[in-house]
Amino acid sequence: MKLGILGGTFDPPHLGHLAAANEVLVQLALDEVVFVPAGEPRLKERDDVTDADIRVLMTRLAIESNHSFSISEVDVLRPGPTYTVDTLRDIQGEYPGAELYFIVGADAALTIHAWHQADQLAELANFVAVTRPGTPFSETALRAQPVELIRIEAPGVAISSTECRARVPLGLPLRYLVPDAVADLIATFGLYMDLQH
């Protein structure tokens, strides 16, 4: 089994996440992509990350129409900060024998050398760096990483969760940026309304 893993805060999950996951699924002929919401994101500078149970619910709603997408709560259920090395080990336990493909954005791909236990990552999974069409990677920066990166160009990955959150208190629509069910949940819970800008 070839299994993609897309970790993230998913605060909120948006169409860029879905487009990137689907592009990797198709181009690498994966059997499935597992979305893994972070428990305590170590590298996030925000102290106002939405509660994990709401982020999990938003992610479930975002992926429900694609039978090749699933969700794992390994990072939410594990206490302490979220580290990719732990995520990969836990997913290996959930899917014994699967060949893992960890999906990262272009920016994150250039920081893998600084990740917790980075020297062990290559043993646990293949790494896939997703970028917008026409966006070049720095070859020097790529060579500095402890893993070999499979590069995939995916349309639609320019959307960011930061941008989505910032639109809410301004009364700007999220339609066509996040799945409709996610936009409805954000409105229902009044998420992101108190963000300062």
Side-chain angles (χ1 to χ4, degrees), residues 1-11 13-14 16-45 49 59 63 68-78 80-162:
M1 183 182 194
K2 293 173 68 176
L3 191 69
I5 302 162
L6 182 60
T9 311
F10 300 125
D11 193 13
H14 54 67
H17 293 129
L18 303 180
N22 198 61
E23 199 65 26
V24 174
L25 178 85
V26 171
Q27 288 197 34
L28 298 183
L30 303 182
D31 295 295
E32 186 179 329
V33 174
V34 181
F35 286 66
V36 186
E40 293 179 29
R42 187 180 71 86
L43 295 177
K44 288 290 176 184
E45 294 175 4
V49 175
T59 305
I63 67 172
S68 296
F69 291 169
S70 63
I71 188 170
S72 171
E73 295 184 46
V74 293
D75 285 351
V76 170
L77 298 174
R78 184 189 327 102
T82 294
Y83 294 111
T84 300
V85 68
D86 297 325
T87 304
L88 293 173
R89 288 179 180 136
D90 287 350
I91 295 288
Q92 279 184 336
E94 285 190 356
Y95 298 86
E99 186 176 2
L100 305 183
Y101 291 79
F102 192 78
I103 304 164
V104 295
D107 294 342
L110 301 181
T111 67
I112 294 172
H113 64 278
W115 293 7
H116 183 64
Q117 297 180 2
D119 58 321
Q120 298 180 32
L121 295 172
E123 304 165 11
L124 299 170
N126 303 289
F127 278 72
V128 183
V130 179
T131 186
R132 287 176 287 192
T135 304
F137 275 101
S138 159
E139 293 300 324
T140 305
L142 285 178
R143 281 194 296 274
Q145 304 314 311
V147 298
E148 191 170 326
L149 288 154
I150 301 166
R151 288 176 265 179
I152 301 268
E153 287 190 349
V157 297
I159 302 169
S160 77
S161 294
T162 302

Just by modelled atom types, is the Phe10 backbone N or O under 3.5 Å from a matching donor or acceptor in the Ser161 side chain? no
Side chains of Ile150 and Asn126, heavy atoms from C-beta outward: is any pair under 4.5 Å? yes
Between OG1 on residue Thr84 and CH2 on residue Trp115, distance to nearest 0.5 Å: 4.5 Å
Nearest 0.5 Å, what's the CG-OG1 distance between Leu18 and Thr59? 9.5 Å
Nearest heavy-atom contact between Leu110 and Ala141 is CD2-CB, 3.7 Å
Can you confirm whether the side chains of Ser70 and Glu32 place a donor and an acceptor under 3.5 Å from each other? yes
Which heavy atom of Phe69 sits nearest to which heavy atom of Asn22, and what is that distance? CZ-N, 3.7 Å
Enter the distance from Ile71:CD1 to Phe35:CZ here, rounded to the nearest 0.5 Å. 9.0 Å
Distance-only, no hydrogens or angles: does the Asp31 side chain make a donor-acceptor pair with backbone N or O of Leu3 under 3.5 Å? no
By the salt bridge (Lys or Arg N to Asp or Glu O under 4.0 Å) test, which pairs, at least two apart or in different chains, include something from residues 90-101? Arg78-Asp90
Any sub-3.5 Å donor-acceptor pair from His17's side-chain atoms to Ala20's backbone N or O? no
Euclidean distance, Ile112 CD1 relative to Leu121 CG, rounded to 0.5 Å: 7.5 Å
Between Arg89 and Gln120, is there a side-chain heavy-atom distance shorter than 4.5 Å? yes
Would you mind reporting whether Val128 and Leu149 have side-chain heavy atoms less than 4.5 Å apart? no
For Phe102, enumerate each residue passing the ring-ring contact (aromatic ring centres under 6.0 Å, His included) test, keeping only those at least two apart in sequence or located in another chain. Phe127
Any side-chain heavy atom of Ile91 within less than 4.5 Å of one from Thr87? yes
Measure the CD-OG1 distance between Gln145 and Thr111 for me, rounded to the nearest 0.5 Å. 7.0 Å
Answer yes or no: is there a side-chain heavy-atom contact under 4.5 Å between Gln92 and Leu100? yes
If you measure from NE2 on His14 to OG1 on Thr162, what distance do you get to the nearest 0.5 Å? 8.5 Å
Correct closest heavy-atom pair for Val104 and Ala109 would be CG2-CB, 3.8 Å
Taking all atoms of both residues into account, what is the closest heavy-atom pair of Pro37 and Ser72, and its distance? CD-O, 3.4 Å
With side chains defined as the heavy atoms from C-beta onward, is the minimum distance between Leu142 and Arg151 less than 4.5 Å? yes
With a 3.5 Å distance limit and no angle check, can you tell me whether Lys2 reaches the backbone of Leu28 through a side-chain donor-acceptor pair? yes
Would you check if Val34 and Tyr95 make a side-chain contact, meaning some heavy-atom pair closer than 4.5 Å? yes
Dump the intermediate steps for side chain to side chain donor-acceptor pair (under 3.5 Å) on Thr82 and Asp75, then the final yes or no. CA-CA 6 Å; Thr82 294; Asp75 285 351; 4.5 Å; no
Only counting residues at least two apart or in another chain, list the ones meeting ring-ring contact (aromatic ring centres under 6.0 Å, His included) with Tyr101. none
Ala38 to Val76 - nearest heavy-atom pair and separation: O-CG2, 4.0 Å
What are the two closest heavy atoms between His116 and Val85, and how far apart are they? CD2-CG1, 3.8 Å
